[in-house]
Novice: 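Dropping the structure in here first, questions after.
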There are 2 protein chains.
Amino acid sequence: MSTMHDVAQRAGVSLKTVSRVVNGEPNVSEQTRQKVDAAIAELDFRPNSVARNLRTGRIDLVGLALPHLSQPYFSSLAEEIMREAERLGLTVLIELTEGDAEAELALVREHGPHLGGLLMYPVGLSDAQALTVARTVPTVFISERAYDAPVDRVAMANREGVRALVGHMVSLGYTRIAALGADHTGRPERAAAHLRLEGYRDGLRDAGLPYLPDLVLEVGTPHWNRQEGATGMRRLIQAGTPFDAVVAFADALALGALHALQEAGVRVPAEVAVAGFDDTDDARYAHPSLTSIAPGRAQIAREALALLNDRMNGTVERESGRLVVADHQLTVRESTLGGTAAWGGA
Amino acid sequence: MSTMHDVAQRAGVSLKTVSRVVNGEPNVSEQTRQKVDAAIAELDFRPNSVARNLRTGRIDLVGLALPHLSQPYFSSLAEEIMREAERLGLTVLIELTEGDAEAELALVREHGPHLGGLLMYPVGLSDAQALTVARTVPTVFISERAYDAPVDRVAMANREGVRALVGHMVSLGYTRIAALGADHTGRPERAAAHLRLEGYRDGLRDAGLPYLPDLVLEVGTPHWNRQEGATGMRRLIQAGTPFDAVVAFADALALGALHALQEAGVRVPAEVAVAGFDDTDDARYAHPSLTSIAPGRAQIAREALALLNDRMNGTVERESGRLVVADHQLTVRESTLGGTAAWGGA
DNA sequence: CCGACCTTTGACAACGATGAACCTCGATGC
DNA sequence: GCATCGAGGTTCATCGTTGTCAAAGGTCGG
């Protein structure tokens, strides 16, 4: 590797002048600039970012702390964030927390000081711990849970999204709409479930439909997965409570429900309509393809990095909290329409 | 952040002595060591890795270059590698190449010099380019394609795995076994398809069964996905060629095939058995759950990092090539047995 | 023609750590 | 008693950049 020193020598100028050219600083004559540029090209010089970071104290490395990578939502979120970060000239370092508060904190202790900023999808963090994290390194949380602390957060339109889903069902004439994925424990880390249930109630209220507790299905584990969806659906079918639509709080739940319904010989959407939330690839490729709420992943990535950029540049008050809620979009597919689109279609 | 200087002052020793303690170098009295350790603890000092890297020229950051993160195989591979790397005290920097040779090279040009090592799942790289990459930064490729260049590579047991699948089918009494996912273009980046087809032939030969071209289904795009699997399967069904089993070269293809079969009213596994390759989560949760070959992801991660470690430490000849093929494991599930296990079960 | 002022450039220290070389001091060998 | 040795410690230069400051040279108004 050639260094700035080599370039300076070759161009017959001082080190500092090369630095000026590289960083596009003013007060360099056009002639000098060209000489330096030529030398840079000839030597294939690239500034050593390690040395630069040491000198400036700035680091263009931002951490991305996620519980897992294997769940589609997280891997696609990571992809979006990496793409957006590249556009901003930032490098993303992904860290896995396993959804464990201890690991979340350890990560920040360990890597925090060497990161320029941090995007975190927290799971176990308490209000106080979230603040601790944000004080260690410029941080933006991507989380459905509201923190009682002055921290930045980007969230999905949980409530509005489900409300739109219910509205969609109503507009198609369905009236006995089940909710799948509720949580009644009130645990703060299940905030997404709570908000989505609120959205469900909003939707019913909009339509003047009654809220029927028998149609609200709780699921077990905190991970919304297909098995939980199938189990919940089977419970409803066996209970014999009549219903003509299912709004699941996650695509995985909806896919499980879909399976349980087909298993029971119920035709979707002819007899029962189903919709999910997240707009994962699995939803698109399901059979029938699944109506879902696209939570604006790209926007979440963009906004989160924008907020983080502000913090890294110090252009925002230190102990302040901002909230951005991404736009949602209703994506209608076969599971609520019964159209003739081929399997795997849009 | 406190620096080594602060620690030295607090412990009443010189900077270098602190450095010795931190790095576990010899020639420090027990007494001094304790004083320094105490000071480190009190100040919560952590060595600035940026400065250290600058001085030593060593970096504990290894790149992981993958085409995507959204495909389950890659995200779970990434998880395994990150876990293993942590055990080795290495940090992993994930980079997305989109499967583009240009991007793969650009990445190496751009980040290569700042990485201690690189694990790459190459897609577009030619033999010569692979060598260029390996010369820029210590590199281990994770790839099914053999490179005609002295580079390290870790691969799956493509051929053996499919051979085992065919053997499994045969042992269950199936005799007209279709292969789904073949490639006849001969393009080197489709090496996995070629090897798996070889394994298919091996399996037939083992059993004394004839190779019937009509049962070998090529699929379109280079990405093995569900749609391609479904399309291929439909083609075979329509052709009317009798078959009683399908060995798909990827789980995604198998899932698509499963769908096409069910769509056509064919019962799996009662009428036709289906198996895949990769042992993804989707295979486990499919209905019926899918028999598959587990390619030894954990082992791949472990071996790849072991090879890379050697290179980073220079304990292996510079221009040399080593090959590790991971063990495969046949994972039998409902799609070939028709057992009574509940949907979503193991 | 002089000082004020601006532009262009360079010398030098600094970021925080580590490696090389050197110093000190008590113990050891002959 | 003197050279030698090794443990324990220090000092100083250095990695490759950027920030600070000052010097050199030019322009311009008075």
Side-chain angles (χ1 to χ4, degrees), chain A residues 1-40 43-61 89 91 110-116 313-314, chain B residues 1-40 43-61 89 91 110-116 313-314:
Chain A
M1 275 312 278
S2 52
T3 75
M4 244 162 102
H5 191 81
D6 305 331
V7 176
Q9 209 155 23
R10 176 136 198 161
V13 299
S14 81
L15 242 149
K16 179 66 210 185
T17 301
V18 177
S19 169
R20 285 209 179 86
V21 172
V22 169
N23 296 322
E25 287 174 34
N27 296 339
V28 179
S29 72
E30 188 52 36
Q31 197 185 0
T32 311
R33 186 181 304 275
Q34 286 183 4
K35 262 196 310 189
V36 172
D37 277 336
I40 289 177
L43 296 173
D44 188 32
F45 164 79
R46 348 200 109 253
N48 179 325
S49 61
V50 174
R52 170 181 290 178
N53 292 340
L54 174 61
R55 182 63 243 240
T56 60
R58 274 226 170 135
I59 324 186
D60 55 3
L61 189 66
T91 303
E110 184 71 21
H111 289 279
H114 314 309
L115 294 173
N313 299 334
Chain B
M1 274 312 277
S2 52
T3 77
M4 244 161 95
H5 190 81
D6 305 331
V7 176
Q9 208 156 24
R10 176 136 196 161
V13 298
S14 83
L15 239 149
K16 179 65 208 184
T17 301
V18 177
S19 169
R20 284 215 179 80
V21 172
V22 169
N23 295 325
E25 287 175 33
N27 296 342
V28 179
S29 71
E30 188 52 37
Q31 197 185 1
T32 312
R33 186 180 303 276
Q34 286 182 5
K35 260 195 312 188
V36 172
D37 277 336
I40 289 177
L43 296 173
D44 187 32
F45 165 78
R46 348 198 109 255
N48 180 326
S49 60
V50 174
R52 169 182 290 178
N53 292 340
L54 174 60
R55 182 63 244 243
T56 62
R58 273 230 167 132
I59 326 184
D60 57 0
L61 190 66
T91 304
E110 184 71 23
H111 289 278
H114 314 309
L115 294 174
N313 299 333

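Sequence lines set the chain letters: A, B, ... in the order given, protein chains first and strands last, and positions in each chain run from 1. For clarity, every value in this text was computed on a predicted model and none was experimentally measured.
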Novice: Measuring from atom NE2 of His5(B) to atom OG of Ser14(B), what distance do you get when rounded to the nearest 0.5 angstrom?
Specialist: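 So the NE2 of His5(B) and the OG of Ser14(B) are separated by 11.0 Å.
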Novice: Kindly indicate whether the side chain of Asn313(A), heavy atoms from C-beta on, has any atom under 4.5 Å from the side chain of Arg58(A).
Specialist: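 Asn313(A) reaches Arg58(A) side chain to side chain.
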Novice: Excluding sequence neighbours, so at least two apart, what forms salt bridge (charged side-chain N to carboxylate O under 4.0 Å, His left out) with Arg33(B)?
Specialist: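 By the salt bridge (charged side-chain N to carboxylate O under 4.0 Å, His left out) rule, Arg33(B) matches no residue at all.
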Novice: Are Asn53(A) and Asp60(A) side-chain neighbours, meaning at least one heavy-atom pair lies under 4.5 Å?
Specialist: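 With C-beta onward as the side chain, the pair touches.
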Novice: Does anything in residues 25-35 of chain B reach DNA chain D, meaning a heavy atom under 4.0 Å, and if so which residues?
Specialist: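 The answer is Asn27(B), Val28(B), Ser29(B), Thr32(B).
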Novice: With sequence neighbours excluded, give me every salt bridge (Lys or Arg N to Asp or Glu O under 4.0 Å) pair touching residues 2-25 of chain A.
Specialist: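 Qualifying pairs: Arg10(A)-Glu42(A).
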Novice: Using a heavy-atom cut-off of 4.0 Å to chain A, what are the terminal contacting nucleotides of DNA chain C, in 5' to 3' order?
Specialist: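 Here the contact window of chain A covers dT8(C) to dG16(C).
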Novice: For Arg52(B), which residues count as a salt bridge (charged side-chain N to carboxylate O under 4.0 Å, His left out) partner, sequence neighbours excluded?
Specialist: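 If we apply the salt bridge (charged side-chain N to carboxylate O under 4.0 Å, His left out) test to Arg52(B), skipping adjacent residues, there are no hits.
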Novice: Starting at atom CD1 of Ile59(A), determine the distance to atom P of dT17(D), rounded to an integer number of angstrom.
Specialist: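 Atom-to-atom, Ile59(A) to dT17(D), this comes out as 17 Å.
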Novice: Between the opening five pairs and the closing five pairs of the helix from dC1(C)-dG30(D) to dC30(C)-dG1(D), how far apart are the helix axes, to 10°?
Specialist: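 Comparing the first five pairs with the last five, the axes sit 50° apart.
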Novice: Just to be sure I understand the geometry, which residues of residues 43-55 of chain A put a non-hydrogen atom under 4.0 Å away from DNA chain C?
Specialist: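 Going residue by residue through residues 43-55 of chain A, the ones with a heavy atom under 4.0 Å of DNA chain C turn out to be Leu54(A), Arg55(A).
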Novice: Mind listing the side-chain donor-acceptor pairs of residues 43-51 of chain B below 3.5 Å, one per line with the distance, residues two or more places apart or on another chain?
Specialist:
| from | atom 1 | to | atom 2 | distance (Å) |
| --- | --- | --- | --- | --- |
| Asn48(B) | OD1 | Val50(B) | N | 2.7 |
| Asn48(B) | OD1 | Ala51(B) | N | 3.1 |

Novice: For DNA chain D, determine which residues of residues 2-10 of chain A have any heavy atom closer than 4.0 angstrom to one of its atoms, and list them numerically.
Specialist: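 Of all residues in residues 2-10 of chain A, the ones placing a heavy atom under 4.0 Å from DNA chain D are Thr3(A), Met4(A).
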Novice: Can you tabulate the close N/O pairs, meaning under 3.5 Å, that link protein atoms to atoms of nucleotides 24-26 of chain D?
Specialist:
none

Novice: Tell me every residue that passes side chain to side chain contact (heavy atoms under 4.5 Å, CB included) with Leu61(B), counting only those two or more places apart in sequence or in another chain.
Specialist: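 Testing Leu61(B) for side chain to side chain contact (heavy atoms under 4.5 Å, CB included), a comparison that skips the adjacent residues, returns Leu93(A), Ile59(B), Thr91(B), Leu93(B), Leu115(B).
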Novice: So what does Val22(B) hit on the nucleic acid, given a heavy-atom distance under 4.0 Å: a base, only sugar-phosphate, or nothing?
Specialist: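 No contact.
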Novice: Under 4.0 angstrom, heavy atoms only, what part of the nucleic acid is Thr56(B) near: base, sugar-phosphate, or nothing?
Specialist: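 If one applies the 4.0 Å heavy-atom cut-off, Thr56(B) turns out to touch the sugar-phosphate alone, with no base involved.
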Novice: Could you check whether any side-chain heavy atom of Ser19(A) comes within less than 4.5 Å of a side-chain heavy atom of Leu15(A), counting everything from C-beta outward?
Specialist: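 Side-chain contact under 4.5 Å: no.
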Novice: Is Lys35(B) close to Gln31(B) at the side-chain level, that is, under 4.5 Å between some pair of heavy atoms?
Specialist: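 With C-beta onward as the side chain, the pair stays apart.
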Novice: Hey, what are the protein-to-nucleotides 20-23 of chain D N/O distances that come in under 3.5 Å?
Specialist:
none

